[in-house]
There are 2 protein chains.
Amino acid sequence: MELLRSRGYRLTQQRRLVLDAVRELRHATPEDVFRHLRGESESVDLATVYRTLELLTELELVGHARLEGAAETYHLIDHADHVHLVCRGCGSVREAPLSVADGLAEVLRAEYDFEADLGHLVVFGRCGTCRRDNPAADDLGSIT
Amino acid sequence: MELLRSRGYRLTQQRRLVLDAVRELRHATPEDVFRHLRGESESVDLATVYRTLELLTELELVGHARLEGAAETYHLIDHADHVHLVCRGCGSVREAPLSVADGLAEVLRAEYDFEADLGHLVVFGRCGTCRRDNPAADDLGSIT
DNA sequence: ATAATTGCAAAACGTTTGCAAAAAT
DNA sequence: ATTTTTGCAAACGTTTTGCAATTAT
């Protein structure tokens, strides 16, 4: 948290609250953070939530990914970062260690000269449960 | 295109035009499709573009991915599908064959019982050019 | 003739911005 | 005292929706 000060930013109550909320909620949209804090004694304006998340992203304290649905979700960058597995059937989000994509990273580096940032990777697909419940995986578009 | 009829949908001029536009433009936002068609003798309402893209997605004729920036982009699902490599530096989008992620798919299937749909995969990172132009890849958050 | 589809206009989102008041340095 | 940061309100861009007119079947 001294990272803020060391870069010339000010350490405010709101920034503390937003970071804590992201930590607690694991995967949270700005709206999620806003509603989570509404309950507390202190509450934080939605615009401030957006501005703070942007700042925390710049400081690389949080990362974000578009999981599904409209809004972006933010999460802490704990050093053991992860890949998101999003099931189109039930919408569940699991996390897998970055190592599952080691091969991909290697190929992209070697053959495409592309340095992948896999901490933000989102893989859509279907989990085992949904595949067994509904093997006719055809008409999924309309789940929304 | 008979796919539409065979599923009980009607084959309209607008649907033909939207599908053609997606084919021509390769990666197009709904707005892109709309503007592309504005020029033509026939034009299509933006709301219709949205509805049509949703339908074509359901029929699995097109796929979509959130590349960067605000809007979703749509592309044809030609059977030789691809992975998107989006550079955070210059915003360029390259395509790599699905095979680059074979290893990933395998691990997810074997260890996570997760059937990944990699045709929609988006990998963020930095291309070689941007890495060489600006090796200090630190303060990227604010590119927007 | 019937039911699906369109265009239009308006609403509903998620997100960003200008500015005066408040808070951190 | 100074400069950043906040809350509020209003704007913005994207997407969705209700409904009467139109079009494909």
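A, B, ... follow the sequence lines: proteins, then strands. Residue 1 opens every chain. No experiment lies behind these values; they were computed from the predicted model shown.
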Any salt bridge (charged side-chain N to carboxylate O under 4.0 Å, His left out) pairs touching residues 96-112 of chain B, not counting sequence neighbours? B:Arg109-B:Glu115
Between [atom2] on [N] and [atom1] on [X], what's the gap in Å once rounded to a whole number?
X: A:Leu56; N: D:dT5; atom1: CG; atom2: P; answer: 12 Å
X: B:Asp45; N: D:dT17; atom1: CG; atom2: P; answer: 15 Å
X: B:His64; N: D:dT14; atom1: NE2; atom2: P; answer: 17 Å
X: B:Asp32; N: D:dT15; atom1: CG; atom2: C1'; answer: 15 Å
X: A:Phe34; N: D:dT6; atom1: CZ; atom2: P; answer: 14 Å
X: A:Glu72; N: D:dT15; atom1: CD; atom2: P; answer: 13 Å
X: A:Leu4; N: D:dT3; atom1: CG; atom2: C1'; answer: 16 Å

Under 30°, 30 to 60°, or over 60°: which ring-plane class applies to B:His82 and B:His75, parallel, tilted or perpendicular? tilted
Please work out which of the three classes, parallel, tilted or perpendicular, describes the rings of A:Tyr74 and A:His64, given edges at 30° and 60°. tilted
Under a 4.0 Å N-O cut-off, is there an ion pair linking A:Arg132 with B:Asp113? yes
On DNA chain D, more 5' by nearest nucleotide between B:Leu46 and B:Arg5 is B:Leu46
By salt bridge (charged side-chain N to carboxylate O under 4.0 Å, His left out) - contacts of B:Arg26 (at least two apart):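 For B:Arg26 the salt bridge (charged side-chain N to carboxylate O under 4.0 Å, His left out) partners, ignoring immediate neighbours, are B:Glu95.
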By salt bridge (charged side-chain N to carboxylate O under 4.0 Å, His left out), A:Arg94 pairs with (sequence neighbours left out) none
Closer than 3.5 angstrom, by distance alone: can the side chain of A:Thr29 be matched with the main-chain N or O of A:Glu72 as a donor-acceptor pair?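 Judged by distance alone, no pair lies under 3.5 Å.
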Between the protein and nucleotides 19-21 of chain D, list every N/O to N/O distance that falls short of 3.5 Å.
none

Can you name the ring pair (Phe, Tyr, Trp, His ring centres under 6.0 Å) partners of B:His36, sequence neighbours left out? none
Using a 4.0 Å heavy-atom cut-off across all strands, classify A:Glu31 as base, sugar-phosphate, or nothing.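 Here A:Glu31 touches no strand at all.
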Side-chain N or O of B:Tyr50 less than 4.0 angstrom from OP1 or OP2 on D:dT16?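 No, B:Tyr50 has no side-chain N/O under 4.0 Å of OP1/OP2 on D:dT16.
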Using the rule that Ile, Leu, Val, Met, Phe, Trp and Tyr join whenever any side-chain heavy atoms are under 4.5 Å apart, tell me whether A:Leu108 and B:Val107 fall into a single cluster.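 Linked, A:Leu108 and B:Val107 end up in one cluster.
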Residues within residues 9-28 of chain B bordering DNA chain D, heavy-atom distance below 4.0 Å: B:Arg10, B:Leu11
